[in-house]
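First listed ligand is number 1; within each ligand, the first listed atom is number 1.
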Amino acid sequence: MELTYQPFELQLKHAFTIAKFSRTSTPVMLVQIKHEGYTGYGEASMVPYMGESHESATAFLSKVDISQINYPIDFDAVINYFDSIAPGNPAIKAAIDIALHDLDGKIKQQPCWQLLGSDPAKMPVTSFTIGIDTPEMIIKKVKEAEGFKVIKVKLGKDNDKELITTIRSVTDVPLYVDANQGWTDLQQSLDMTYWLQEQGVQLIEQPMLKTDPDSNAWLTERSPIPIIGDEAVQRFEDVDKAKGVYTGINIKLMKSAGLYEASRMIKRARELDLKIMIGCMTETSCAALAGLALAPQTDWVDLDGPFLVSNNPYQMPDFADGKYILNNDAGLGIRL
Ligand code: MG
């Protein structure tokens, strides 16, 4: 196998603001793995608050000896090899894992969704995320979200109700809410869950600090709508810790180090009777298609990454009636 990669700066259509950060672009690493005339494509999206960068990804890739990976691919051995090189670095590990899955599908002449056991008919609608902004910009963004059947709203500042009310003045689509650990007071948070339910909110992501399972568990027990752990749940080992704390977990390939471990997390979450959301970072069609290969196995899909960027180097995945449509191409279905 032959591994090549290019750093790329993904431009966002709008400055993206969540409870703790704001930014206008995302560094990504585009990865290709060639084997016997086939090319697998992968991507690392390295949002700054997760701690990875072009520099850290290049340093990790320089330590990868691709001749250690043989075909047929033993994905369990691959992730153990990556973890033996360095801890952390989940996004760049995901990039190689995604490229290997794309390559594997192309060699086997089968779509990755099929190899991963997904049924395209079970694809949930995808939410479209709106960051924290002024009321004027919120209304503009909601209008841009026409075509989506669910909107996800970033909360966690002191004007949460105002933001929801602004959105409700222009649309009645169901909402998901992501507080990104921004809530602090227990009783206020509980009151908020009831108010949000009245506003047609269907779930709340990571209301309180990821390091405070007790407060999140207290709220989950009392909230009328599901509470989903996102920042608190990164890799496979975190799934068991979510039981009793959250209603469900948000799996992202850039946290889980790729498809292999995300697939294991889905199976484990089902065993524990946890609900499952699959989410993304701001990313190209490449990483989104990788997430989509597992999306039919989840309850909620938040894979709007390619819709939030202005210089996606790949074709947009097929999309209609608020849902992505999986194609029958071998591999991930990335189209150049
Ligand atoms: Mg989140």
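Screening Asp302, Val177, Ile228, Asn250 for a side-chain contact (heavy atoms from CB on, under 4.5 Å) involving Leu203 leaves a single residue, Ile228.
Nearest to the Mg ion (ligand 1), among the N, O or S atoms that Glu205 has, is OE1. Closest approach between the Mg ion (ligand 1) and any N/O/S atom of Asp178 involves OD2.
For residue Asp230, an N/O/S atom approaches the Mg ion (ligand 1) to within less than 2.8 Å.
Not less than 6.0 angstrom separates the ring centroid of Phe82 from the ring centroid of Tyr260.
In this structure the side chain of Ile107 reaches within 4.5 angstrom of the side chain of Tyr71, judged on heavy atoms.
Without hydrogens or angle criteria, Asn216 side chain to Leu209 main chain gives a donor-acceptor distance under 3.5 Å.
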